[in-house]
Each structure stands twice: as C-alpha cells, then as structure tokens.
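Quick notes on the structure that follows.
Source: prediction; values computed, not measured. Start at 1 with the first residue, then count along the sequence.
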Amino acid sequence: MQPPLYVKILTHLVLGLASAIILLPLLWVLRTSFVDRVIAYKLPPDLFFVPTLDNYRTILTEMEFGKFFLNSMVVAATSTLLAVVIGAMAAYAIDRYKAGGPAMPMIILATQMMPPIVLVIPFFLIFKNIGLTDSRLGLVLAYLAFNLPYVVWLLLSFMKRVPRELDEAALIDGCTPLTAFIRIIVPAMLPGIGAATILSFVLCWNEFLFALMLTGQQTKTLPVAVSSLVTQQGTAIGAVSAATILAMLPMALLYFAVRRFLVAGLNAGAVKG
C-alpha cells in the first residue's frame with residue numbers, strides 16, 4: 001500500500017531540512033576557506049565573491065600544516081593498528097575461552113564511563129616521569145589506553161556471531177588456537193574489524209584533550225595546531241576554515257574507500273542473528 005502524497009511530501013521536507021542542518025555548516029566552512037579576510041568578517045556576508053587560495057597558502061607555509069598532519073596520521077594509524085590487533089585477540093579470548101570471567105565484558109564497558117578529563121592529569125604526571133611527554137609514542141599509548149576497551153567491546157558483538165563450530169573444526173584438524181584465529185575467525189570478522197578500524201581511527205584523529213596536554217611544539221596534532229589559530233588578537237577564521245577542510249579530507253576519503261565494510265559491519269553488529 002502506497003502512502004498518501006502528503007506523507008511523501010512531508011517526509012521529503014523533513015529529510016531535506018535535516019540534510020540542510022547537517023550540510024550547511026560544512027558548506028559555510030568551505031565557503032569561508034576561499035574568502036579573504038575582509039569578506040570573512042563582513043556582516044551581512046557576501047554570497048558572491050572572488051575565490052582566493054590565500055588561506056590555504058597561509059596554513060601550508062606559515063603554519064607547518066604538513067608536519068602536524070603527519071603527526072596526526074602517524075599517531076592515529078599506529079594507535080588504531082595496535083588497538084584493533086590486540087582488541088581482536090582479546091575479544092577472541094574473552095568470548096571463546098571466557099578470559100577474565102563472566103564479568104569481564106561489563107568491566108570493559110565500565111572503563112568507558114569515566115570522563116577523559118579525569119585521566120589527563122594522571123597520564124601527564126606518569127608520562128612526564130618516564131619521559132614520554134612531547135613524543136608520538138606517549139600519545140600513541142594514551143590513545144591505546146582509552147581506545148582499546150572500546151574496540152574490544154565492539155568486536156565482542158561480532159565475535160558472538162561467528163559459529164563456534166568453525167574454530168572447533170579447525171582445532172580438530174590440527175590448528176592451534178592462534179592459527180584458528182588467524183585463518184578462521186579473522187576472515188569471518190572482517191566487516192566488524194573494518195568498522196572498528198574506521199571508528200577507532202576517527203576517534204584518534206579528532207581527539208584534542210590528550211593531544212593538548214601530552215604534546216609539544218614538534219609533536220602536536222592537527223586539532224591542537226588548528227586551535228592555536230585562535231589567539232587573544234582574534235581568530236583567523238579563514239585559516240581555521242581552510243585547515244578544517246584539509247583535516248576533514250582524510251576522513252572523507254577513508255569513508256568512501258571502505259564505506260561498504262563500515263555499513264556491513266555496523267549492520268552485522270546491530271542485528272543479532
């Protein structure tokens with residue numbers, strides 16, 4: 001039965017309004033990144049203007065954008081790789097061998113209930129004593145500490161969907177638990193691993209608080225570098241917009257490259273078989 005015409009019109013209006021609310025800020029940031037300083041602060045704003053690349057030129061030359069981009073990429077990629085590898089093995093051990101007992105999944109979930117602001121000062125003091133402040137390694141370990149429970153909890157739901165008979169048959173055929181995990185479990189969990197990888201990378205890429213406290217001038221990440229454009233003399237809104245657009249590009253490219261795995265993974269984790 002087809003819905004009435006007015007229902008279709010109302011549905012499209014609501015979806016159009018929701019899309020506009022989501023896209024308008026992004027489009028406005030994109031627009032601001034191509035205007036000069038005079039137009040950027042002009043009220044009411046000019047909708048028609050001559051585009052300029054001065055803002056992009058400023059952040060690429062004066063801000064050392066490439067160095068901070070590399071810091072973010074190295075830290076986010078390394079932390080994500082470690083979290084996914086360790087998290088997948090931990091989920092396998094918890095689900096198949098009941099490592100940590102029946103309370104372990106709830107203990108992992110409980111660690112995510114503590115606000116990050118509570119952990120910043122202890123992390124800073126510990127890392128300062130062992131010489132890991134102002135280093136990529138220190139930030140990788142910090143991200144791993146709060147990312148790993150999230151990855152384990154996410155992968156546990158996918159692990160439960162893999163039939164136990166598969167790895168039991170592999171063990172009967174002579175595989176070790178590690179071999180069964182690599183050859184049987186990992187291929188069956190690829191959608192979940194893909195989803196965990198993307199979401200973990202995004203969390204690391206966008207993280208600000210720990211990066212602000214644990215990094216220095218040479219190791220700070222993009223979110224911290226962009227925030228430095230907000231000074232007591234004012235905000236370089238054009239440069240901030242240009243840096244925001246460039247910082248968003250890796251996320252957009254990553255999403256379009258692996259969106260099939262992301263959607264499949266989220267659906268598999270949301271629907272219990």
Side-chain angles (χ1 to χ4, degrees), residues 63-65 67-95 97-157 159 192-193 195-232 240 243-244 247 250-251:
M63 180 185 165
E64 297 182 296
F65 183 88
K67 179 175 67 176
F68 304 133
F69 182 94
L70 180 62
N71 288 338
S72 287
M73 184 63 68
V74 170
V75 170
T78 305
S79 178
T80 297
L81 178 62
L82 292 175
V84 171
V85 171
I86 299 173
M89 292 189 291
Y92 177 63
I94 292 171
D95 182 68
Y97 299 99
K98 307 303 178 184
M104 181 56 69
M106 292 307 300
I107 294 174
I108 293 174
L109 181 62
T111 62
Q112 298 299 92
M113 298 180 181
M114 187 177 296
I117 188 67
V118 178
L119 302 174
V120 170
I121 300 302
F123 264 94
F124 176 78
L125 294 177
I126 293 172
F127 282 12
K128 184 178 181 181
N129 289 332
I130 61 178
L132 286 180
T133 54
D134 194 12
S135 70
R136 292 175 179 173
L137 177 59
L139 199 56
V140 167
L141 295 177
Y143 285 178
L144 181 62
F146 66 77
N147 236 1
L148 185 56
Y150 165 78
V151 171
V152 173
W153 179 261
L154 181 62
L155 290 180
L156 272 173
S157 62
M159 183 67 66
I193 292 174
T197 300
I198 301 305
L199 297 177
S200 176
F201 186 87
V202 170
L203 288 176
C204 294
W205 185 266
N206 294 329
E207 202 283 326
F208 174 77
L209 183 60
F210 280 81
L212 177 65
M213 296 295 296
L214 300 178
T215 61
Q217 183 61 34
Q218 298 301 317
T219 58
K220 62 184 178 182
T221 58
L222 273 181
V224 179
V226 173
S227 70
S228 66
L229 296 173
V230 181
T231 64
Q232 293 181 348
V240 169
T244 301
M251 297 295 95

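What you find for Ala243 and Val226 is that their closest heavy atoms are CB-CG2, 3.7 Å. Minimum interatomic distance between Leu214 and Ala142 (heavy atoms only, all atoms of both residues): CD1-CB, 3.7 Å. Closest of all the heavy-atom pairs between Ser79 and Leu144 is OG-N, 3.4 Å. Residues Leu155 and Ala196 come closest through the heavy atom pair CD2-CB, 4.0 Å. Closest heavy-atom contact between Pro105 and Pro102: CD-O, 3.4 Å. Residues Ser227 and Phe208 approach most closely at OG-CE1, 3.5 Å, considering heavy atoms.
For the atom pair Leu203 CG and Asn147 CG, the distance stands at 5.5 Å (nearest 0.5 Å). Interatomic distance, Thr133 OG1 to Ile126 CD1, rounded to the nearest 0.5 Å: 12.5 Å. Of the inter-residue distances, the one linking Leu81 atom CG with Thr78 atom OG1 reads 7.0 Å to the nearest 0.5 angstrom. Rounded to the nearest 0.5 angstrom, Leu141 CG and Leu148 CG are separated by 12.0 Å. Taking CD1 of Ile130 as the reference point, atom CG of Leu137 lies at 8.5 Å (rounded to 0.5 Å). The OG atom of Ser228 sits 4.0 Å away from the NZ atom of Lys220 when rounded to the nearest 0.5 Å.
Contact annotation: the side chain of Ile94 approaches that of Ile108 to within less than 4.5 Å [non-hydrogen atoms, C-beta and beyond]. Annotation: side chain of Met213 is not in contact with side chain of Phe123 (no heavy-atom distance under 4.5 Å). Under the 4.5 Å side-chain criterion, counting only non-hydrogen atoms from C-beta, Phe146 is not in contact with Pro116. By the 4.5 Å heavy-atom criterion applied to side chains, Leu139 and Thr219 are not counted as neighbours. Side-chain contact between Phe69 and Pro250: present, with at least one pair of heavy atoms (C-beta onward) separated by less than 4.5 Å. The closest side-chain heavy-atom distance from Val224 to Phe68 is not below 4.5 Å.
Panel note: side chain Ser157, backbone Leu154; a donor-acceptor pair is recorded below 3.5 Å. Judged by distance alone, the side chain of Thr80 and the main-chain N or O of Ala77 form no donor-acceptor pair under 3.5 Å. For the pair Thr197 (side chain) and Ile193 (backbone), a donor-acceptor distance under 3.5 Å is present. For the pair Trp205 (side chain) and Ser200 (backbone), a donor-acceptor distance under 3.5 Å is absent.
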For this session: Please lay out, stage by stage, how Thr221 and Asn71 fare under the test side chain to side chain donor-acceptor pair (under 3.5 Å).
Result: CA-CA 6 Å; Thr221 58; Asn71 288 338; over 6 Å; no
For this session: Mind running side chain to side chain contact (heavy atoms under 4.5 Å, CB included) on Glu207 and Val75 for me, showing each step along the way?
Result: CA-CA 11 Å; Glu207 202 283 326; Val75 170; over 6 Å; no
For this session: For Leu70 and Arg136, run side chain to side chain contact (heavy atoms under 4.5 Å, CB included): C-alpha distance rounded to whole Å, both residues' side-chain angles, the deciding distance at 0.1 Å, then the answer.
Result: CA-CA 11 Å; Leu70 180 62; Arg136 292 175 179 173; 3.8 Å; yes
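Atom NZ of Lys67 sits in a crowded spot, with more than 12 heavy atoms from other residues, nucleotides or ligands closer than 6.0 Å.
Ring-centre distance between Phe210 and Tyr143: not below the 6.0 Å cut-off.
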